Protein chains: 2
Amino acid sequence: MPVKEVGSGTVFYSPEHPTEVLLFLKKGRVRLFYLSAGGKAFTTATLESGTFFGEMTLLGQSLYGKYAEAVTPCTLCVMSRDDVKTFFLSDLRISYRIVESLSKRLAETEQRLADFAFKQVPARLAALLLSLADKKSVNNQNESVSSDPAFVEIACTHEELSQMTGVHRETITRVLNNFRTNGLIELHRGKIVLLDVKALTELSIV
Amino acid sequence: MPVKEVGSGTVFYSPEHPTEVLLFLKKGRVRLFYLSAGGKAFTTATLESGTFFGEMTLLGQSLYGKYAEAVTPCTLCVMSRDDVKTFFLSDLRISYRIVESLSKRLAETEQRLADFAFKQVPARLAALLLSLADKKSVNNQNESVSSDPAFVEIACTHEELSQMTGVHRETITRVLNNFRTNGLIELHRGKIVLLDVKALTELSIV
DNA sequence: AATGGTCTGTGACATTGCTCACATTGGATT
DNA sequence: AATCCAATGTGAGCAATGTCACAGACCATT
């Protein structure tokens, strides 16, 4: 099974070079994003290690292009469709995991879609901050680092939040400042500290 | 394998009665939707026969509830998770179809998400009309009915379009009237005729 | 042909978030 | 300590969409 190593920041999949393969992310973190006509990026998913992806190739009908970028250095297993059929889907446990992983991503994506339809920007941003914090604390647990819920730090820039929410950077800044004014968060360069998780949760539900 | 028949309009899945089952839609059409705090519905997917679904139960973490409603009379196969494991995932062809179906839904949903992030309402609505027309013409082909692309009819109300786009009904009406003024469509009660598919496609890309 | 209920149309106005155009700040680098 | 650059902050105006409050139009049924 061919293995590929890519460095941080590498865009290893793009619509210009569509490849009829499926990928397994063995190690690292991957960001999937679209690029608008105006060149604006929108992140649809951030994948953690252990995820199967590449299903975009089964259809190849992306209107604007979908890209995959390594956020951290990554180890990828590259498979053809036949590989998948023979190796993986014939093994009950693996196929179950693939289905589970796809289901989870689908549920998350549908949830985000509903959020777009129902919620204003502040609620969506609050929800995003909480989910980032959640992911982070899960990772911390794995590394047996204390993850005090009363003191959660998120390392990201306003620009990154902008790309994850589909909201312009200036608006993100304004909303975050508003959160800070109300004592919900603490802002540092490239870093956000959640102070009032309860209030943020409250906000995210509206 | 237990089979269930439900009449048109039946809401057979709701967050109040979450069931740990997976479903196979043997016959009919199903609409999945969320309900906002304010009681507004948002349709995330319309499933045609031959689709596996119910993966929401694997997680059960919907913030607001997700509902499934029979749009037409439906025949459903009800399976437990174990059923799925033993029967389906052990059969290569079936498991491959499940994965394919999930992948397709995921790709569609991510595309819609990107549309929300990038496009204005007119573009999203044009895209929706085209995709509805597309589905319809596919169905027509199956029934060997002529599907002249120059004369595509869609049967739906503004309210339904509203729920599929997450845009208020009044806005839908205004945008549709704008389309009509420009000769792109023809409007009838509960029915829309696409006159200029090319121009609509143009619009949907912006 | 009268009635009633959905569906559609429309005006006026409020809001949100985008757009453009900068000023400022933090921290890494030399 | 001087410089530079990405990241952040902010104002003013504007366009798109939501909101509310109806009016009218179509169709099925009585």
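Below, read A as the first sequence line, B as the second, and so on, with proteins coming before strands; counting in each chain starts at 1. Heavy-atom basis, side chains included; hydrogens, waters and symmetry copies ignored. Note that the structure is predicted; figures quoted are calculated from it, not measured.
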Tell me if a side-chain donor or acceptor on [X] pairs with a main-chain N or O of [Y] at a distance below 3.5 Å.
| X | Y | answer |
| --- | --- | --- |
| B/S8 | B/V71 | yes |
| B/K119 | B/S204 | yes |
| A/E110 | A/A107 | no |
| B/S36 | B/G38 | yes |
| B/D83 | B/S80 | yes |
| A/R124 | A/D115 | no |

* Structure fact -> Closest non-hydrogen atoms of B/F179 and B/P122, given as atom of the first, atom of the second and distance, are CZ-O, 3.5 Å

* Asked: Are the ring centres of B/F33 and B/F42 closer than 6.0 Å?
  -> no

* Structure fact -> With five pairs defining each end axis, the helix from C/dA1-D/dT30 to C/dT30-D/dA1 comes out bent, to 10°, by 30°

Contacts under 3.5 Å, N or O only, protein and nucleotides 13-18 of chain C:
from   : atom 1 : to     : atom 2 : distance (Å)
C/dG17 : OP1    : A/V121 : N      : 2.7
C/dC18 : OP2    : A/H168 : N      : 3.4
C/dC18 : OP2    : A/T171 : OG1    : 2.8

At a cut-off of 3.5 Å, list every protein nitrogen or oxygen paired with a nitrogen or oxygen from nucleotides 22-30 of chain C, distance to 0.1 Å.
from   : atom 1 : to     : atom 2 : distance (Å)
C/dT25 : O2     : A/R189 : NH2    : 3.4

If you measure only the distance, is there a donor-acceptor pair under 3.5 Å linking the side chains of [X] and [Y]?
| X | Y | value |
| --- | --- | --- |
| A/T157 | A/E159 | no |
| A/R97 | A/S101 | no |
| B/R174 | B/N177 | no |

* Can you tell me how far CG of B/L102 sits from NZ of A/K104, rounded to the nearest 0.5 angstrom? ->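 Between A/K104 NZ and B/L102 CG, I get 14.5 Å after rounding to 0.5 Å.
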
* Under 4.0 Å from any heavy atom of chain B: name the first and the last nucleotide of DNA chain D that qualifies, 5' to 3'. =>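 Listed 5' to 3', the contact boundaries are D/dA16 to D/dC27.
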
Distance-only donor-acceptor pairs under 3.5 Å for side chains of residues 190-202 of chain B, two or more places apart:
from   : atom 1 : to     : atom 2 : distance (Å)
B/D196 : OD1    : B/K198 : N      : 3.4
B/D196 : OD1    : B/A199 : N      : 3.0
B/T201 : OG1    : B/V197 : O      : 2.7

* Asked: In whole angstroms, how far is the P atom of C/dT10 from the CG atom of B/L187?
  -> 11 Å

* Hey, are the side chains of B/L161 and B/L129 touching, using non-hydrogen atoms and a 4.5 Å cut-off? -> yes

* Please list, by residue number, the residues of residues 157-164 of chain A whose heavy atoms come closer than 4.0 Å to an atom of DNA chain C; answer none if no residue qualifies. =>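 Output list: empty, so none.
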
* Does A/R180 pair with A/E186 as a salt bridge, N-O distance under 4.0 Å? ->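 So A/R180 does not pair with A/E186 through a salt bridge.
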
